[in-house]
Amino acid sequence: MKPRDAIYFGKEVLLMNLLPSRRVPLSVHIGLTNRCSNRCRYCNFAGRPREQEWKTEELLRVLGEIRRAEGRRVQFTGGEPMLRKDVGTVLARARELGFFAGLSTNGFQVPARVEELRCADLVQVSYDGPPAVHGYLRGEGSYAEAVAALNALQKEGIPVWINTVLTTANAKHIREIVEFARTRGITANFVLLDFFLEPGGHFHPALAQIEELVLKGDSRRGALEELIRLKKAGSPVGGSFPYLENARDWPYEDRVTGPEPARLYRCWAGRATAHLEADGMLYSCGMGVGRVPGEDVRELGFAEAWRRLRPLPNCRSCTMACGVEANLLFSLNPRAIRNWLGRV
């Protein structure tokens, strides 16, 4: 992020803390596609609708609209973004507009197309543990693909993290995963497994579909305590201490959102952050997809869709890593701010 944009970002965060009615879409997650090359055990993207996917010209136009609405950060997700042929064009436009642009990938075709990722400020590569564990969770051949992507990105000097979804299958490999990152000189980011209570066609599955993979009770607490200890010891763990503590102390076993206010942050979904799906529908948060009506950016334009956007009802806290880390920053949590300044 350019210094002037960082200053603007900070100024707006301060103003929004002082003026509760003020809303600025500082950070927007953008789903580029519902298609994916992996078949992860804990993900529903294989069953998501694939119609009405963004056309390149639509994406470029919407990026301009987000910037005119004073957006400063975009995170491109999927499905698998590298299944699109225009990723390089989209990232180049994001850089031209002055965004801090991140991209999440499982590594698909990255070595052959690494030049297309030069305009990314940060690439996050999915890495769920040693070969057998990663393959079990994400599909045959997925480990080699992820490592090849990391090799290519690091060779070209493109900033990269690994991103691990914590499950019962890989929690015992936390130290091994962190050491893998340390030896490469990169950051290891960990997130809890997200899910919905009810079944449906959401990108997160229903709890009943993946319950055996969800860390609970002492197992969850132990995994988060280990990450906190490793981070205190100087290991390259990406999550902030307050995020890790929020995940460790989450009071529920069967849900990832809650109606009670969080102790460490306020929810900023729909006030400073938003989630834009591959079909053009805008939500205050990714947990709203399939649960509440979205606003059609294609029909309304981004500014009007943002104006109409409302927060999720009865949702004031969660364990979603991207949401909690953003909430901590926008709530001016000093430990989260220090972590962000030290990692990005």
Side-chain angles (χ1 to χ4, degrees), residues 36-48 77-80 104-108 124-150 161-184 186-197 199 202-231 235-239 243-244 246-250 252-256 286 318-322 324:
C36 191
S37 55
N38 281 178
R39 289 296 180 268
C40 300
R41 291 178 180 269
Y42 48 71
C43 179
N44 263 1
F45 262 105
R48 294 273 294 152
T77 63
E80 172 48 52
S104 303
T105 178
N106 61 35
F108 178 75
Q124 292 190 3
V125 176
S126 300
Y127 183 87
D128 278 353
V133 176
H134 187 98
Y136 168 76
L137 290 169
R138 291 184 168 270
E140 186 177 352
S142 58
Y143 180 86
E145 194 167 60
V147 172
L150 289 169
W161 288 15
I162 56 172
N163 195 62
T164 301
V165 178
L166 277 172
T167 67
T168 55
N170 59 14
K172 64 183 178 182
H173 297 285
I174 285 174
R175 286 182 176 272
E176 188 176 347
I177 294 167
V178 172
E179 181 63 13
F180 174 87
R182 189 194 65 75
T183 59
R184 286 175 168 264
I186 60 177
T187 294
N189 196 51
F190 292 82
V191 302
L192 287 179
L193 181 55
D194 294 320
F195 54 84
F196 289 99
L197 285 178
H202 318 301
F203 50 86
H204 299 307
L207 174 60
Q209 297 173 281
I210 45 92
E211 190 158 13
E212 75 282 359
L213 293 174
V214 178
L215 285 170
K216 297 180 179 180
D218 290 342
S219 295
R220 183 184 71 195
R221 189 173 184 86
L224 274 301
E225 287 282 11
E226 183 169 17
L227 285 171
I228 290 169
R229 287 194 298 270
L230 287 168
K231 189 173 180 71
S235 294
V237 175
Y243 162 70
L244 296 171
N246 177 80
R248 178 196 64 191
D249 300 335
W250 185 245
Y252 303 107
E253 297 284 0
D254 62 350
R255 60 192 302 173
V256 297
C318 72
T319 60
M320 291 189 69
C322 57
V324 173

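Note that the structure is predicted; figures quoted are calculated from it, not measured.
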Decide yes or no for [X] and [Y]: does some side-chain heavy atom of the first lie under 4.5 Å from some side-chain heavy atom of the second?
{"X": "Val165", "Y": "Leu137", "value": "no"}
{"X": "Ile174", "Y": "Leu166", "value": "yes"}
{"X": "Leu192", "Y": "Val256", "value": "no"}

Does Glu253 use its side chain to pair, donor to acceptor, with the backbone of Gly217 at less than 3.5 Å?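 Checking the backbone N and O of Gly217 against the side chain of Glu253, a donor-acceptor pair under 3.5 Å is found.
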Check: Val237 main-chain N/O paired with Ser235 side-chain donor or acceptor under 3.5 Å: no
What heavy-atom pair brings [X] and [Y] nearest, and what distance separates the two atoms?
{"X": "Pro130", "Y": "Glu176", "result": "CB-OE2, 3.5 Å"}
{"X": "Val191", "Y": "Ala321", "result": "CG1-CB, 3.2 Å"}
{"X": "Cys36", "Y": "Gly79", "result": "CB-CA, 4.1 Å"}
{"X": "Val125", "Y": "Ala146", "result": "CG1-O, 3.9 Å"}
{"X": "Ser142", "Y": "Gly135", "result": "OG-CA, 3.9 Å"}
{"X": "Ala171", "Y": "Leu215", "result": "CB-CD2, 3.9 Å"}

For [X], which residues count as a side chain to side chain donor-acceptor pair (under 3.5 Å) partner, sequence neighbours excluded?
{"X": "Arg229", "result": "none"}
{"X": "Thr168", "result": "none"}
{"X": "Glu80", "result": "Thr105, Asn106"}

[atom2] on [Y] to [atom1] on [X], rounded to 0.5 Å:
{"X": "Cys40", "Y": "Ile210", "atom1": "SG", "atom2": "CD1", "answer": "12.5 Å"}
{"X": "Glu145", "Y": "Asn38", "atom1": "CD", "atom2": "CG", "answer": "6.5 Å"}
{"X": "Cys322", "Y": "Tyr243", "atom1": "SG", "atom2": "OH", "answer": "9.0 Å"}
{"X": "Asp194", "Y": "Tyr42", "atom1": "CG", "atom2": "OH", "answer": "10.5 Å"}
{"X": "Thr187", "Y": "Ile162", "atom1": "OG1", "atom2": "CD1", "answer": "9.0 Å"}

Count the heavy atoms belonging to other residues, nucleotides or ligands that lie under 6.0 Å from CD of Glu140, then report whether that count exceeds 12.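 Result for CD/Glu140: open.
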Would one find more than 12 heavy atoms of other residues, nucleotides or ligands at under 6.0 Å from atom CG of Asp218?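 Atom CG in Asp218 is not packed in, count stays at 12 or less.
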Looking at residues at least two apart in the chain, or sitting in another chain, which of them share a ring pair (Phe, Tyr, Trp, His ring centres under 6.0 Å) with Tyr143?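 For Tyr143, the residues satisfying ring pair (Phe, Tyr, Trp, His ring centres under 6.0 Å) (neighbours in sequence not counted) are Tyr127, His134.
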Contacts of Arg41 that satisfy side chain to side chain contact (heavy atoms under 4.5 Å, CB included) - sequence neighbours left out: Tyr136, Leu213
Got a list of side-chain donor-acceptor pairs under 3.5 Å for residues 221-228, not counting sequence neighbours?
from, atom 1, to, atom 2, distance (Å)
Arg221, NH1, Asp249, OD1, 3.1
Glu225, OE2, Arg248, NH1, 3.4
Glu226, OE2, Arg175, NE, 3.0

Sequence-distant partners of [X], salt bridge (Lys or Arg N to Asp or Glu O under 4.0 Å), two or more places apart:
{"X": "Arg255", "value": "none"}
{"X": "Arg220", "value": "none"}
{"X": "Glu211", "value": "Lys216"}
{"X": "Arg182", "value": "Glu179"}

Is there a side-chain contact (heavy atoms from CB on, under 4.5 Å) between Phe190 and Ile177 once you walk through the steps? CA-CA 10 Å; Phe190 292 82; Ile177 294 167; 3.6 Å; yes
Restricting to pairs with a member in residues 163-174, which pass salt bridge (charged side-chain N to carboxylate O under 4.0 Å, His left out), not counting sequence neighbours?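 For residues 163-174, and leaving out neighbouring residues, there are no salt bridge (charged side-chain N to carboxylate O under 4.0 Å, His left out) pairs at all.
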Which residue pairs pass the salt bridge (charged side-chain N to carboxylate O under 4.0 Å, His left out) test with at least one member in residues 129-138, sequence neighbours excluded? Asp128-Arg138
